[in-house]
Amino acid sequence: MDANEIAAVFNEIAILLELRGENVFKINAYRKAARALETLTQPLDNLIAEGNLAKVDGIGKALLIKIETLHKTNRLEELEHLRGQVPPGLLEMLRLPGIGPKKVKALYEGLGIASLVALKEACESDQIAKVKGFGPKTQVNILEGIAFLKEGEGRVHRPIALEVANDLVNRLRQIEGVQRIEIAGSLRRLRDTVKDIDIVATLAPGVDPEGVMDVFVAYPQVVHVSGRGQTKASVVLEVRNPMMLSGRSRLGADLRLVAPENFAPALAYFTGSKEHNVRLRSLAIEAGYKLNEYALAGPNGPLDCPTEESIYRHLGLAWVPPELREMTGEIAAADPKAKSGLPNLIPMGALKGIFHNHTTASDGNASLEEMALAARELGLEYFGVADHSQSLGIANGLTPDRVKKQWTEVDLLNAKLEGVHIFKGTEVDILEDGSLDYDDALLAGFDYVVASVHMYMNQPKDEMTARIIKAISHPSVTMLGHPTGRLLLRRNAYAVDLDAVLAAAMKHQVMIEINANPWRLDLDWIHVRRARELGILLVINPDAHATNEIANIRYGLEVARRGWCEAEDVFNTRGVLEVTKHLQERKERKG
DNA sequence: GCCGTTTTCGGCCCGACTGTTTTCAGTCG
């Protein structure tokens with residue numbers, strides 16, 4: 001097993017121990033070790049070979065032996081023993097918001113409930129409220145939680161699906177006779193979560209499709225083959241998913257084999273969205289054609305469509321990038337006669353720096369220097385440090401004294417490092433009443449200020465809205481961090497009137513963050529688009545807590561593209577000189 | 001289970017919310 005797989009085992013052990021009511025500090029030790037494994041700076045093999053694993057913080061004698069056992073044998077007796085003692089249904093119950101190990105244990109021991117299905121029935125027949133420690137409110141919350149989980153069921157975050165899809169496609173591409181092969185579907189449209197993987201491929205004439213299908217269904221992560229024919233096969237994959245308590249998730253994958261001349265129509269068809277396709281088909285009919293997954297055909301047979309561009313061209317349209325095919329105005333914009341055409345989308349490598357990042361000073365796991373160097377390594381010109389502010393004790397937020405020490409450190413590093421400039425920032429907490437977690441004098445000393453909500457997320461909508469607007473009205477605030485607080489497939493956005501917030505951001509010339517953490521992606525694309533239309537400047541930030549999280553900016557760029565952004569809509573496409581000038585002028589103006 | 005110029009036991013980021021109680025346990029970040 002590699003480090004990530006062992007980390008998943010430790011996380012699973014932690015959950016199982018929790019359900020058994022074990023010592024919480026022991027449980028935390030497993031979690032801490034898992035996190036350490038996930039963020040190793042050296043390969044696990046080397047650490048073991050050189051006997052340096054025990055030097056890693058959080059890994060002691062007992063866990064060292066377990067790591068070595070798992071690494072060597074892929075098995076751990078303790079895990080199997082624990083799995084045998086805890087009904088698997090308890091793990092899914094833990095996914096309910098507001099339900100933790102103690103409550104699950106109480107329900108299991110009190111009513112014998114060991115699955116979400118049984119729990120739902122017990123709620124509906126009013127049994128739960130009778131258990132000690134539970135009441136009518138909890139019963140309602142459980143039912144709402146079950147409904148929420150259902151909604152997200154079967155969807156996985158983009159990086160998880162993308163990793164396995166790329167691997168699968170690379171494997172299929174190596175088969176002799178496979179000519180063109182592409183990922184289609186929502187993955188190609190850059191959606192933040194996906195339900196399944198769609199792959200379209202063509203074979204050279206005379207190649208037997210069976211051989212390709214054999215490889216597809218024999219892919220190691222396939223756990224179920226739900227269909228298999230000459231042109232289409234469907235499987236269910238089991239993939240590693242750190243977001244799930246079990247560490248695993250299932251998602252479907254479809255492979256479609258088409259004749260070479262049908263490739264472009266098939267790719268377009270299976271890319272979707274369904275609504276976009278429906279509109280394209282009706283345009284085809286208006287033009288006297290017929291469009292389906294095989295061809296765009298006229299009265300005299302199929303038209304030559306070797307590329308997607310040619311299909312759109314036959315319909316009198318410019319090619320629409322897949323990420324815009326959501327039937328939100330893209331077809332009208334693709335008309336050459338349209339007043340405003342399709343956007344010139346921000347290129348994937350367009351960012352020159354980042355602003356929202358953490359270091360070991362708060363809750364990051366790399367030093368300021370390590371983070372800045374990692375940014376430089378990725379070709380960025382500047383790195384903004386924005387550690388948490390003092391009230392966020394859980395994240396080791398910085399007191400004013402520690403802020404000033406960090407400023408000194410920044411100055412020293414800027415004198416020393418070449419090729420990367422460090423900006424002094426903070427992720428200051430927006431307190432319950434909308435005031436900020438540092439005084440005005442200190443705030444004025446930063447190059448820029450990211451303001452974010454981390455506490456009191458359950459405020460009523462009008463209070464939350466007023467709170468955020470008050471915060472971004474503060475003259476020192478440069479950008480609003482993760483504006484809605486959502487966690488994809490995990491937690492909904494908090495109640496907030498986002499349009500009112502955007503209007504205030506516009507008024508006060510505050511930037512809005514696209515948080516590129518792939519588990520957040522907050523602001524979402526639809527609101528990115530709205531912000532852009534209002535003329536609000538956006539900023540893409542990784543919210544990195546480790547050096548390897550800086551590369552997450554790609555997911556933020558994808559959201560920006562889905563939100564129709566061009567390079568000029570995003571602040572950090574600007575170079576270090578321009579950014580410095582902008583931040584300075586802004587401070588002088590707001591003074 | 002980890003960690004230690006507190007060195008082999010006794011701590012382990014901790015404050016606030018929610019829903020249940022009638023002073024608090026469980027959950028969350």
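Just so it is clear: chains get the letters A, B, ... in the order the sequence lines come, proteins before strands, and each one is counted from 1.
Listed nucleotides: dC17(B), dG1(B), dT27(B). Nearest to the side chain of Y456(A): dC17(B). For L63(A), the side-chain atoms get nearest to dC2(B) when compared with the rest of dC2(B), dC12(B), dC17(B). The A62(A) side chain lies nearest to dC2(B) when the options are dT18(B), dC2(B), dC12(B). Nearest nucleotide to the T138(A) side chain, out of dC12(B), dC17(B), dG19(B): dG19(B).
Under a 3.5 Å cut-off, the side chain of E18(A) and the backbone N or O of I27(A) do not form any donor-acceptor pair. Between the side chain of Q390(A) and the backbone N or O of D437(A), at least one donor-acceptor pair lies under 3.5 Å. Here the side chain of N52(A) pairs no donor or acceptor atom with the backbone of L47(A) at under 3.5 angstrom. No side-chain donor-acceptor contact under 3.5 Å links R75(A) to the backbone of E80(A).
For the pair K102(A) NZ and dC28(B) P, the interatomic distance rounds to 12 Å; values are reported in whole Å. A straight line from CG of N458(A) to P of dG15(B) spans 20 Å, rounded to a whole angstrom. One can place CZ of F134(A) at 11 Å from C1' of dT20(B), the figure rounded to the nearest angstrom. In this structure, NZ of K103(A) is placed 8 Å from P of dT20(B), rounded to the nearest angstrom. Protein atom CG of L94(A) is 14 Å distant from nucleotide atom P of dG26(B), rounded to whole Å. Look at NE2 on H388(A): it is 16 Å from P on dC13(B), rounded to the nearest Å. dC28(B) atom P lies 14 Å from atom CZ of R95(A), rounded to whole Å. K26(A) has its NZ atom 19 Å from the P atom of dC9(B), to the nearest Å.
No contact: N28(A) has no heavy atom under 4.0 Å from any strand. Using a 4.0 Å heavy-atom distance criterion, K32(A) is classed as making no nucleic acid contact. No contact: D363(A) has no heavy atom under 4.0 Å from any strand. Nucleic acid contact for K105(A): none, since no nucleic acid atom lies under 4.0 Å from a heavy atom of the residue. Within the 4.0 angstrom heavy-atom criterion, only backbone atoms of the sugar-phosphate kind lie near I59(A); the bases stay farther away. Looking at heavy-atom distances under 4.0 Å, I99(A) makes contact with sugar-phosphate atoms alone, never a base.
In this structure dT8(B) sits in no base pair that meets the Watson-Crick or G-U test at under 3.5 Å.
Across the P atoms, dT18(B) and dC12(B) are found 27 Å apart, a figure rounded to whole Å. One C1' atom belongs to dC3(B), the other to dC13(B), and the distance between them is 15 Å to the nearest Å. The separation of dA16(B) from dT21(B), taken at their P atoms, amounts to 24 Å, rounded to a whole angstrom. Comparing dT20(B) with dC9(B), their C1' atoms sit 36 Å apart, to the nearest whole Å. dG10(B) and dG15(B) have their C1' atoms separated by 23 Å, given to the nearest Å. Atom name P, nucleotides dG19(B) and dG11(B): the rounded distance is 34 Å, in whole Å. Nucleotides dG1(B) and dT7(B), compared at atom P, are 24 Å apart to the nearest Å. When the P atom is used for both dT8(B) and dC14(B), the distance is 23 Å, rounded to whole Å.
With Y30(A) as the fixed residue, the side chain to side chain donor-acceptor pair (under 3.5 Å) test singles out one of E22(A), R35(A), K66(A): K66(A). Test N414(A), L412(A), D411(A) against I422(A) for side-chain contact (heavy atoms from CB on, under 4.5 Å) and you get one pass: N414(A).
Toward the 5′ end of DNA chain B lies the nearest nucleotide of K137(A), the other residue of the pair P101(A) and K137(A) mapping further downstream. Residue order along DNA chain B, read from the 5' end via each residue's closest nucleotide, puts P136(A) first among P136(A) and H454(A).
Between the side chains of N241(A) and H157(A), no donor N or O sits under 3.5 Å from an acceptor N or O.
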